[in-house]
Amino acid sequence: MNKPHADLAAEPIGVTKASSSMAKPVAIIGGLLWLLVASPTVVESDAYRYATALLSLIALYYYVKAPIRPRTDWIGWLCMGWAFYVMARFFITFWLTPQHDIGASDWLYAFPFFFPIMGVAFLLYEELMEKIVAAYFAVVLIMLVATQHLREVFAGETIRPLIMNNQIHGAVACGMIVIFTLFWLLHYLTDKSSDRRIARFAYIVSPFIFALCFIAIYGAKSKGVWLALGITLPLLALITLTYLRLKSGVVAIIAVAALLIAGIYGVRHNLDKTAGPTVSAAISMVENVTGGHDLGGVVSNTISSTNTPVSMDERLQLWSNSWEVFSSAPIFGWGNRWLERWAETRYSHIQYTLLHNGYLEILVRYGLFGAAIMGFMLGVFIRAVWRAHKAGIIPRAAWHAYIACLFFFSLTLLSNSNNRLAIGEGLAFASSAFACWCHMRLKGDYLTMSKVERKKATVKA
């Protein structure tokens, strides 16, 4: 993080930041908790939820004690208001329906309640974030090495990257890690005022992370992630050119592209075997729709066709059901009663309740109204991070990592409900905390303690 713009972040006189007076054990524990918040990218577990709860409690403790603290503004009230709407609707439906509908993971949509609180937690630990980020990449490299499946990958087998419930989740995680690593490395390559020890560490570990992640993404054989990364990589290449001198940037990109193309050519038969039937079925669907056939009929025919791959067939059934449920309550959705309506759909026999499309997950539950509110929240967060970059509060690499990761993740939502998984929830907590922190710093907000209180805290520690 850069030194804040003087006008936007003038530090109050006579006070010291809460982070400066924090007891060392609290600082260490907080750093570990932030690593757990990011842990879904390497280990799929619920640890990030407990870490978020503990960080929120720590933030609230210092927030209450601080004589100067950020005031909750309309963004904070929007997040908490949406959370109260979700929970009120959930409990009203739960009590008023005879069967006590609880939906499937519906209460997760109340998590925005923690976003502004986590922003305060970020404010509390902002001075340690560079070291926390470096520690995160050290953990990533260790996990990638410890869970590598090179022999299986090169034998053409499907592998599960890192410690994930299935290979798709691992592939998404590796794609996100590639983006984070790229901009982490570019930051230290171009910002010579940054910590040189961490810079040297970034130079050493980044190539290994890239290599292991790309091998894992190939081995996971997730067609949705391949497509998302195929769209994202050219954009990453263009952004990279803005960091490096034109000649060296072009040479680096050509070299990386040549390696990727050579790798793709070397495994082309395996790629065709994995993705070929799905691509053919998708092309056939597009040709039928553009040829004047009814979309519903085309989808039905594709589902009933024996040439349609099983994974594509099941997704089409799920999406057909989801659209049917959404269409019956398009404005506000079905809330936690959606499974009740799901039982009446055409392909209700399908065994999954994970809709394999993140956008349909929202539309089915909260309709266009919910999608608009959540889209507006996301837009506000993106604007806050962009403005923080423009004001010099954060380096441009942080802005690019933020927006590129969200772009990649949004593409993966087209074929999988990653927003309902640990990896999506962890990303939501971390990215929203960062955005709320950016918003607070733009306003010049600090979490501070007076000098007298600092002495007391030092004595107690």
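Quick caveat: nothing in here was measured; it's all calculated off a predicted structure.
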Without swapping roles, check the side chain of [X] against the backbone of [Y] for a donor-acceptor pair under 3.5 Å.
X	Y	answer
Ser327	Glu324	no
Ser56	Thr52	yes
Asn357	Leu414	yes
Asn301	Ser304	no
Asp191	His187	no
Asn321	Thr345	no
Thr232	Leu229	no
Tyr63	Pro70	yes
Ser39	Leu36	yes
Thr240	Leu236	yes

Could you tell me the separation between the [atom1] atom of [X] and the [atom2] atom of [Y], rounded to the nearest 0.5 Å?
X	Y	atom1	atom2	value
Leu108	Ser105	CG	OG	5.0 Å
Leu421	His169	CG	NE2	4.0 Å
Met285	Met312	CE	CE	5.5 Å
Met164	Ser45	CE	OG	9.0 Å
Cys79	Trp74	SG	CH2	9.0 Å
Tyr50	Leu55	OH	CG	15.0 Å

Check the orientation of [X] and [Y]. Use parallel for under 30°, tilted for 30 to 60°, and perpendicular for over 60°.
X	Y	value
Phe201	Trp184	perpendicular
Phe180	Tyr136	perpendicular
Phe183	His400	tilted

**OP:** Could you tell me which residues satisfy salt bridge (charged side-chain N to carboxylate O under 4.0 Å, His left out) with Arg315, sequence neighbours excluded, listed by chain and number?
**Re:**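 Per chain and number, Arg315 pairs via salt bridge (charged side-chain N to carboxylate O under 4.0 Å, His left out) with no residue.
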
Would you please say whether a donor-acceptor pair under 3.5 Å links the side chains of [X] and [Y]?
X	Y	value
Asp313	Thr308	no
Ser300	Arg346	yes
Asp73	His439	yes

Original post:
Does the pair Trp34 and Phe122 meet the rule for a ring pair (Phe, Tyr, Trp, His ring centres under 6.0 Å), with working shown?
Top reply: CA-CA 9 Å; Trp34 276 110; Phe122 203 103; 5.6 Å; yes

Subject >> Minimum-distance pair of heavy atoms, taken over all atoms of Ser410 and Tyr359 >> reply: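 Taking Ser410 first and Tyr359 second, the nearest heavy atoms are O-OH, 2.7 Å.
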
Original post:
Which heavy-atom pair separates Tyr402 from Ala435 by the least distance, and what is that distance?
Top reply: OH-CB, 3.8 Å

**OP:** Verify side-chain contact (heavy atoms from CB on, under 4.5 Å) between Ser431 and Phe381, making sure each step is shown before the conclusion.
**Re:** CA-CA 9 Å; Ser431 63; Phe381 290 155; over 6 Å; no

**OP:** Please lay out, stage by stage, how Thr353 and Trp342 fare under the test side-chain contact (heavy atoms from CB on, under 4.5 Å).
**Re:** CA-CA 9 Å; Thr353 57; Trp342 184 269; 5.5 Å; no

Cut-off 3.5 Å, no hydrogens considered: what does the side-chain donor-acceptor table look like for residues 205-225, sequence neighbours left out?
unit_1 : atom_1 : unit_2 : atom_2 : d
Ser206 : OG     : Ala202 : O      : 2.7
Tyr218 : OH     : Asn270 : ND2    : 3.1
Lys221 : NZ     : Gly156 : O      : 3.3
Lys221 : NZ     : Glu157 : O      : 3.3
Ser222 : OG     : Val225 : N      : 3.4

Subject >> Arg49 to Phe111 six-membered ring, cation-pi geometry met (6.0 Å, 45°) >> reply: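 No, a cation-pi geometry is absent between Arg49 and Phe111.
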
Could you go through residues 360-377 and list every donor-acceptor pair under 3.5 Å that involves a side-chain atom there, pairing it with any protein atom two or more places apart or in another chain?
unit_1 : atom_1 : unit_2 : atom_2 : d
Glu361 : OE1    : Arg365 : NH1    : 2.6
Glu361 : OE1    : Arg365 : NH2    : 3.3
Glu361 : OE1    : Arg420 : NH1    : 3.2
Glu361 : OE2    : Leu355 : N      : 2.9
Glu361 : OE2    : Ser417 : OG     : 2.6
Glu361 : OE2    : Arg420 : NH1    : 3.4
Arg365 : NE     : Asp106 : OD1    : 3.1
Arg365 : NH1    : Glu361 : O      : 2.9
Arg365 : NH2    : Ala104 : O      : 2.7

**OP:** Apply side-chain contact (heavy atoms from CB on, under 4.5 Å) to Met176 and Ile423, showing your working.
**Re:** CA-CA 10 Å; Met176 292 168 61; Ile423 190 171; 3.6 Å; yes

**OP:** Kindly indicate, with the supporting measurements, whether the criterion side-chain contact (heavy atoms from CB on, under 4.5 Å) is fulfilled by Asn288 and Leu295.
**Re:** CA-CA 8 Å; Asn288 287 331; Leu295 178 60; over 6 Å; no

